[in-house]
Amino acid sequence: METILAHGPYVEFAVLLMFSAAAGAVAVRLRQPVLIAYIVIGILVGPAVFGLVRAHDQINLLAEIGVTVLLFVVGLKLDLQHIRHIGPVALATGLGQLAFTIVFGFILTLVLGKGPVEAIYIAVALTFSSTIIIVKLLSDKRELDSLHGRIAVGFLIVQDLAVVLAMMTMSALRGAGAADTLEIAGSLILRLVLAALLMFLLMRYVLPRVMAAMARSQELLLIFAIAWGCGLAVIGEWAGFSKEAGAFIAGFSLASTGYREAMNARLTGIRDFMLLFFFIDLGAKLDFSTLGGEALPAVVLSLFVLIGNPLIVMAIMGFMGYRKRTGFLAGLTVAQISEFSIVFVAMGITLGHVDADALGLITLVGLVTIMLSTYMILFSQPLYERLMPWLGVFERKRPFRELEVDRPLRPEGQPQVLVFGVGRYGARLLRQLDDAGVTVMGVDFDPEAVRALAQGGLNVRFGDGEDPGLLETLPLQHADWVVTTFPQWESNRAFLHALRVAGFGDQVAGVVRDDQHGRSLDDAGVAMVLNPFTDAADFAARWLVRDLQEKARR
């Protein structure tokens, strides 16, 4: 193996990718997040076991880009409208869980023999749950749009905001003494105000025009998104925040544009690929000679996260009027720490605040809590049924909040029909359905067509319908019909596959230009095939025959 790796970084990367793919397949088979497999691969190829990694600089660079893309995507997906819809419960639960975990985590870490600064980092790291893992698990279980799923996403957004603020604060305190804290706090607030003002001006007057130009090409849109994220990451570090904070702000600045879902769908794969190297790099840097002394603290802190975090969420939600089942299912989503926790402590090492022992401890806690909480979420219903007799303390006699928040079968404003492709035919269909009082949404990757229809008051979304990542962001679960007007069978084949992956049913209508395309859609199980030419000809023939018959009778 060492003879093969001696041929250079390219060969080393190829071997790492093959090992990672194999380990990821095993993790998926065990229903575990693949990041666990990547950390294990990093440990195996690192100096602690086989010592096969030599391209440290290259892997570290890709790891930094991965973290940048991760924070950019988090900012891009930040939906403040969602927090407003969920309202008090997201903020109360999110802030309550943060406060509980930081205070008691700090005390517990001090009891375990850590210093105050290290205890602060560890306590803050214990508060963050993995948005990526939770959303994926809830999506796989078709629970993302359930009441507990929507509440969980709401307080995960609160956590995402908290981690960025924590990174900014810790970066600003770099090398500061106690006497400088007040001055640094004032400087940080001033820089935040200036950054917010600059972002407001860019988002209001500059970015919409730039995005409209970039969106003319799907490839250019992707390149611009990565360039914008990396560019603001560099500016963020220069301004005294951090690269991570800069990347988050870059994503947030584009979150209000109509191209958010399209960028997110295309960046998700790149994010996952780049984060592979972050976790490999993390595993390779773990020093197992020092981790033996961290075993007991890791067990104690893991139990604190697995039990304490869900309990505080259930207590807050029960107090606010939710049923014990809703509180339990939402509470399970915070029973682990996230990749952000590891990124946060790794940043502390870069700033000189903590040493490698803290990173090793948090990594161990992450491995334990992520693995166990994954199974807790996957088997949440059987677990709830077993624990239900003891959960009554977390429910009021009258859980009034559920009646106020729970949605009807079709939430108000959710589309009954989604039309993919809003060219001449699709746009006409969209207008006719809207005029008839049908709630309808159009989707197209032509920014000019989307902008024109949106200005006419129609509900349209920018994005590529062939991208499964985009379909996950659309309200397919409430739609009665999906209509595709894509002119090529190859496009429709990819689209139909993406629909099946997203879990949509059989109510699909396809618009075709020729009989062969129609037969292909029929064979693919499309419920209705519409041919504008034959349909129009049939309509014209029926009209002419009816007119001639009426004339003959006269």
State, yes or no, whether a side-chain contact exists between Leu276 and Leu17 at a heavy-atom distance under 4.5 Å. yes
I need the Leu220 CG to Phe224 CZ distance, nearest 0.5 Å. 9.0 Å
Please, which pairs that meet side chain to side chain donor-acceptor pair (under 3.5 Å) have at least one residue in residues 196-210, sequence neighbours excluded? none
Heavy atoms only: give me the nearest Tyr322-Glu395 pair and the separation to one decimal. O-CG, 4.2 Å
Please step through side-chain contact (heavy atoms from CB on, under 4.5 Å) for the pair Leu496 and Leu521, ending with a clear verdict. CA-CA 9 Å; Leu496 293 173; Leu521 288 180; 4.1 Å; yes
Given the rule in the side-chain contact (heavy atoms from CB on, under 4.5 Å) test, do Leu275 and Tyr38 qualify, once you have shown the distances and angles that lead to the verdict? CA-CA 9 Å; Leu275 281 179; Tyr38 300 156; over 6 Å; no
I'd like to know whether Phe394 forms a side-chain contact (heavy atoms from CB on, under 4.5 Å) with Met317, so could you lay out the CA-CA distance, the side-chain angles of the two residues, the decisive distance to 0.1 Å, and finally the verdict. CA-CA 8 Å; Phe394 298 107; Met317 290 184 62; over 6 Å; no
Not counting sequence neighbours, which residues clear salt bridge (charged side-chain N to carboxylate O under 4.0 Å, His left out) with Arg493? List them please. none
Would you say that more than 12 heavy atoms from the other residues, nucleotides or ligands in this model lie under 6.0 Å from the CE of Met371, or not? no
In Å and rounded to the nearest 0.5 Å, what is the CE to CD1 distance from Met320 to Ile316? 8.5 Å
Quick one: list whatever passes side chain to side chain donor-acceptor pair (under 3.5 Å) with Ser253, sequence neighbours left out. Trp228
So, using salt bridge (charged side-chain N to carboxylate O under 4.0 Å, His left out) as the criterion, who are the partners of Arg266 when residues are at least two apart? Asp464
Are Val440 and Leu418 packed together at the side-chain level, in the sense that at least one heavy-atom pair is separated by less than 4.5 angstrom? no
Between Leu530 and Tyr425, is there a side-chain heavy-atom distance shorter than 4.5 Å? yes
Looking at Val73, Ile226, Leu76, Leu222, which hits side chain to side chain contact (heavy atoms under 4.5 Å, CB included) with Met263? Leu76
Do you know the tightest heavy-atom contact between Val34 and Ala27? CA-CB, 4.3 Å
Does any non-hydrogen side-chain atom of Phe278 lie less than 4.5 Å from one of Leu70? no
List the residues meeting side chain to side chain donor-acceptor pair (under 3.5 Å) with His517, not counting sequence neighbours, and say none if there are none. Asn492
Within-4.5 Å side-chain heavy-atom neighbours: Ile377 and Leu329: no
Before you tell me yes or no, could you show the steps for Thr127 and Val334 under side-chain contact (heavy atoms from CB on, under 4.5 Å), namely the whole-Å CA-CA distance, both residues' side-chain angles and the distance that decides it to 0.1 Å? CA-CA 8 Å; Thr127 64; Val334 294; over 6 Å; no
Spacing of CZ belonging to Phe128 relative to CD belonging to Gln336, to within rounding of 0.5 Å: 13.0 Å
Evaluation steps, ring-ring contact (aromatic ring centres under 6.0 Å, His included), between Phe445 and Phe462: CA-CA 5 Å; Phe445 59 84; Phe462 175 83; 7.8 Å; no
Test item: Ser341 side-chain N/O and Ile337 main-chain N/O as donor-acceptor pair under 3.5 Å: no
Stepwise, does the side-chain hydrogen bond (donor to acceptor under 3.5 Å, both in side chains) test hold for Gln381 with Arg325? CA-CA 9 Å; Gln381 189 57 40; Arg325 181 180 181 275; 3.1 Å; yes
Give me the atom names and distance for the closest heavy-atom approach of Thr257 to Leu254. OG1-O, 2.8 Å
Who pairs with Arg451 by salt bridge (charged side-chain N to carboxylate O under 4.0 Å, His left out), at least two apart in sequence or on another chain? Glu448
From Leu391 atom CG to Arg386 atom CZ, the distance as rounded to the nearest 0.5 Å: 13.5 Å
Sequence neighbours left out, what passes side chain to side chain donor-acceptor pair (under 3.5 Å) with Gln97? Give chain and number order. Thr101, Gln159
Test of understanding: with side chain to side chain donor-acceptor pair (under 3.5 Å), list the residues that count as partners of Ser380, not counting sequence neighbours. Lys141
Nearest-0.5 Å distance, CE of residue Met203 to CG of residue Leu198: 11.5 Å
What donor-acceptor contacts under 3.5 angstrom involve side-chain atoms of residues 533-545, with partners at least two apart or in another chain?
unit_1: Thr534; atom_1: OG1; unit_2: Asn531; atom_2: O; d: 3.3
unit_1: Asp535; atom_1: OD2; unit_2: Asn531; atom_2: N; d: 3.2

Can you check whether Val526 reaches Asp522 side chain to side chain, under 4.5 Å on heavy atoms? no
Quick one: are Phe328 and Leu383 in side-chain contact, heavy atoms under 4.5 Å? yes
Would you mind telling me which of Val483, Leu471, Val511, Thr485 makes a side chain to side chain contact (heavy atoms under 4.5 Å, CB included) with Phe420? Leu471
So do the side chains of Leu453 and Arg431 get within less than 4.5 Å of each other, counting heavy atoms only? yes
Only pairs at least two apart or in different chains count here, so list each salt bridge (Lys or Arg N to Asp or Glu O under 4.0 Å) that has a residue in residues 88-98. none
Counting neighbours of CD on Gln516 that are heavy atoms of other residues, nucleotides or ligands and sit closer than 6.0 Å, is the number greater than 12? no
Give the minimum heavy-atom separation between Ala37 and Gly24, together with the two atoms involved. CB-N, 3.9 Å
List in chain and number order the residues that pass ring-ring contact (aromatic ring centres under 6.0 Å, His included) with Phe277, two or more places apart in sequence or in another chain; answer none if no residue qualifies. Phe13, Phe273
Restricting to non-hydrogen atoms, name the atom on Pro487 and the atom on Arg513 that form the minimum distance, rounded to 0.1 Å. CA-NH1, 4.3 Å
With sequence neighbours left out, write down each residue that passes ring-ring contact (aromatic ring centres under 6.0 Å, His included) with Phe72, or none if nothing qualifies. none
I need the Leu458 CG to Leu433 CG distance, nearest 0.5 Å. 10.5 Å
Atom CZ of residue position Arg428 - does it have more than 12 heavy atoms of other residues, nucleotides or ligands inside 6.0 Å? no
Over all heavy atoms of both residues, which pair between Gln507 and Asp480 is shortest? Give the atoms and the distance, please. CB-O, 2.9 Å
